[in-house]
Amino acid sequence: MTIAATAFEVSATTSALGVIGLLSMLVLRVALKVCDAENFDHLPVALAARVRWWDRHHPALLAASACLLAGGVVGLVLD
């Protein structure tokens, strides 16, 4: 496998991971908006803790996924 082919594979994989992360975080954001994110009384305690954690941390993962996607696209364009 040549260096160019390896660079293409890395860029394509990075882009795919970025797209998967973006889509999953966008679905999570929609789910948090649709559900009553302030009222966790109907959820088990362990699940409510996880929902609160994702509610606080999904913007960071959304940004990281966007950076992965941008880096992958730049790598594909430069390749």
When clusters are formed by joining ILVMFWY residues with side-chain heavy atoms under 4.5 Å apart, either directly or through shared neighbours, do Val73 and Leu22 land in the same one? yes
Got a second to check how far Leu69's CG is from Ser15's OG, nearest 0.5 Å? 6.0 Å
Compare all side-chain heavy atoms of Leu28 with those of Leu61 and state whether any distance is below 4.5 angstrom. no
With sequence neighbours left out, what residues match His58 under ring pair (Phe, Tyr, Trp, His ring centres under 6.0 Å)? none
Do Thr13 side-chain atoms and Val10 backbone N/O form a donor-acceptor pair below 3.5 Å? no
Just wondering, do Arg29 and Lys33 contact through their side chains at under 4.5 Å, heavy atoms? yes
Are Phe8 and Val77 linked, directly or through other ILVMFWY residues, by side chains that come within less than 4.5 angstrom of each other? no
Should Val19 and Leu68 be marked as a side chain to side chain contact (heavy atoms under 4.5 Å, CB included) after you check the CA-CA gap, both sets of side-chain angles, and the distance that decides it? CA-CA 8 Å; Val19 167; Leu68 275 173; over 6 Å; no
Go through the structure and list residues passing side-chain contact (heavy atoms from CB on, under 4.5 Å) with Val74, not counting sequence neighbours. Leu78
Kindly work out whether a path of hydrophobic side-chain contacts (I/L/V/M/F/W/Y, heavy atoms less than 4.5 Å apart) joins Trp54 to Leu26. yes
dist Thr14:OG1 -> Glu9:CD (nearest 0.5 Å) comes out at 10.5 Å
Hydrophobic cluster membership, with links at side-chain heavy-atom distances under 4.5 Å among I/L/V/M/F/W/Y: are Leu23 and Val27 in one? no
